[in-house]
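Shown next, in structure tokens, is the structure this report addresses.
Small disclaimer: the values here were computed from a predicted structure and weren't measured. Residue numbers run from 1 in the order of the sequence given.
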Amino acid sequence: MVLFPTKTKFRKHQRGRLRGLAAAGCTLNFGEFGLQAVEGGYLTTNQIESARKALTHYLKRGGKVWVRTLADKIKTARPAETRMGGGKGAPEAFMAPVKRGHIIFELGGTTMEDAKAAFRLASFKLPLTTRFMVKI
């Protein structure tokens, strides 16, 4: 599963800020149930993938899972115990900036109890507080 872009325009990104509510991606579009971020933050590709694996493992490959985030921001890091100066560090990982209210995962084709339990397990893998959503 592709969780980051194959090609980027620039090697390094500026960090920016994650203030405010999500303007797009805050409604359920594909499934009946969703996992919504209550606070803003960054998700790495490893965190997204481990949460997705927890979802599919609990559902025993039943139902359909949609991943609504793409890690398209590059995180850079300097080596440990390096002196100041010398510029910005090398690209280390891809991260997904998530604002408050953004839907991270959607789920369809299962019961509400199964979806709630699966999202509970997936939320343990994420560094953000999340909440369960149901399409009305």
Side-chain angles (χ1 to χ4, degrees):
M1 174 168 265
V2 179
L3 293 173
F4 56 89
T6 53
K7 185 182 168 199
T8 57
K9 191 169 183 180
F10 299 107
R11 277 184 68 233
K12 299 173 183 178
H13 283 205
Q14 290 190 338
R15 192 174 170 89
R17 293 177 71 169
L18 274 178
R19 296 187 307 176
L21 297 171
C26 50
T27 56
L28 291 172
N29 292 338
F30 304 104
E32 298 100 51
F33 311 107
L35 191 69
Q36 187 179 40
V38 178
E39 61 184 3
Y42 292 97
L43 297 178
T44 63
T45 52
N46 294 341
Q47 291 164 346
I48 297 169
E49 180 63 15
S50 65
R52 186 197 64 80
K53 277 186 172 180
L55 276 174
T56 53
H57 182 262
Y58 180 82
L59 296 171
K60 298 182 176 64
R61 294 178 55 89
K64 176 127 175 69
V65 178
W66 287 272
V67 180
R68 295 283 307 272
T69 56
L70 175 73
D72 58 350
K73 198 171 188 74
I74 295 173
K75 177 188 174 194
T76 59
R78 297 289 306 269
E81 299 178 10
T82 317
R83 292 190 176 182
M84 297 294 287
K88 192 168 179 166
E92 186 183 57
F94 281 93
M95 301 176 75
V98 175
K99 284 191 172 185
R100 283 189 307 138
H102 188 82
I103 306 286
I104 302 168
F105 293 104
E106 286 192 34
L107 196 55
T110 57
T111 63
M112 185 184 276
E113 292 78 28
D114 281 346
K116 202 172 254 190
F119 279 140
R120 185 178 152 274
L121 291 175
S123 69
F124 290 141
K125 308 288 183 185
L126 302 174
L128 312 171
T129 53
T130 57
R131 70 175 186 163
F132 180 73
M133 281 190 70
V134 182
K135 191 179 240 180
I136 298 170

Side chain proximity check, L55 to L35, heavy atoms < 4.5 angstrom: no

Close side-chain approach of L21 to R100, heavy-atom, < 4.5 Å: yes

Pairs under 3.5 angstrom only: tabulate donor-acceptor contacts from the side chains of residues 113-125 to other protein residues two or more places apart or in another chain.
unit_1	atom_1	unit_2	atom_2	d
S123	OG	F119	O	3.4
S123	OG	R120	O	2.7

Applying the 4.5 Å side-chain criterion to the ILVMFWY set and letting contacts propagate, would I104 and V65 be lumped into a single cluster? yes

Between the CD atom in E32 and the OG1 atom in T110, the distance rounded to the nearest 0.5 Å is 7.0 Å

Considering non-hydrogen atoms only, spot the tightest contact between K53 and T56 and give its length. O-OG1, 3.2 Å

ILVMFWY cluster membership beyond L70 - transitive side-chain contacts under 4.5 angstrom: none

Mark yes or no for whether E39, through its side chain, and T129, through its backbone, hold a donor-acceptor pair below 3.5 Å. yes

With distance as the sole test, does E106 use its side chain to make a donor-acceptor pair with the main-chain N or O of L28 at under 3.5 Å? no

Is there a path of hydrophobic side-chain contacts, each under 4.5 Å between heavy atoms of I/L/V/M/F/W/Y residues, joining M95 to V67? no

Taking the side chain as everything from C-beta on, heavy atoms only, tell me whether R68 gets closer than 4.5 Å to F30. yes

Can you measure from NZ (K88) to CD (Q14) and round to the nearest 0.5 angstrom? 6.5 Å

Measure the shortest side-chain to side-chain distance between W66 and I103 over non-hydrogen atoms and say whether it is less than 4.5 angstrom. no

Test side chain to side chain contact (heavy atoms under 4.5 Å, CB included) applied to F94 and I48, T44, T8, L43, the passing residue: T8

Within this structure, what is the CD-OG1 distance for the pair Q36 and T130, rounded to the nearest 0.5 Å? 9.5 Å

I need the minimum non-hydrogen distance between G101 and C26, along with the two atoms involved. O-CB, 3.3 Å

Compare every heavy atom of Y42 with every heavy atom of R15, then report the nearest pair and how far apart it is. O-OH, 3.2 Å

Could you check whether atom NZ of K12 has more than 12 heavy atoms from other residues, nucleotides or ligands sitting under 6.0 Å from it? yes

Search all heavy atoms of L18 against all heavy atoms of K99 and return the closest pair with its distance. CD2-CG, 3.9 Å

NZ (K75) with more than 12 external heavy atoms under 6.0 Å: no

Could you tell me which residues satisfy ring pair (Phe, Tyr, Trp, His ring centres under 6.0 Å) with F33, sequence neighbours excluded, listed by chain and number? F132

Considering all heavy atoms of both residues, which atom of A37 and which atom of V98 are nearest to each other, and what is their separation? CB-CG1, 3.7 Å

Taking all non-hydrogen atoms of both residues, which atom of I74 and which atom of P91 are closest, and how far apart? CG2-CB, 3.7 Å

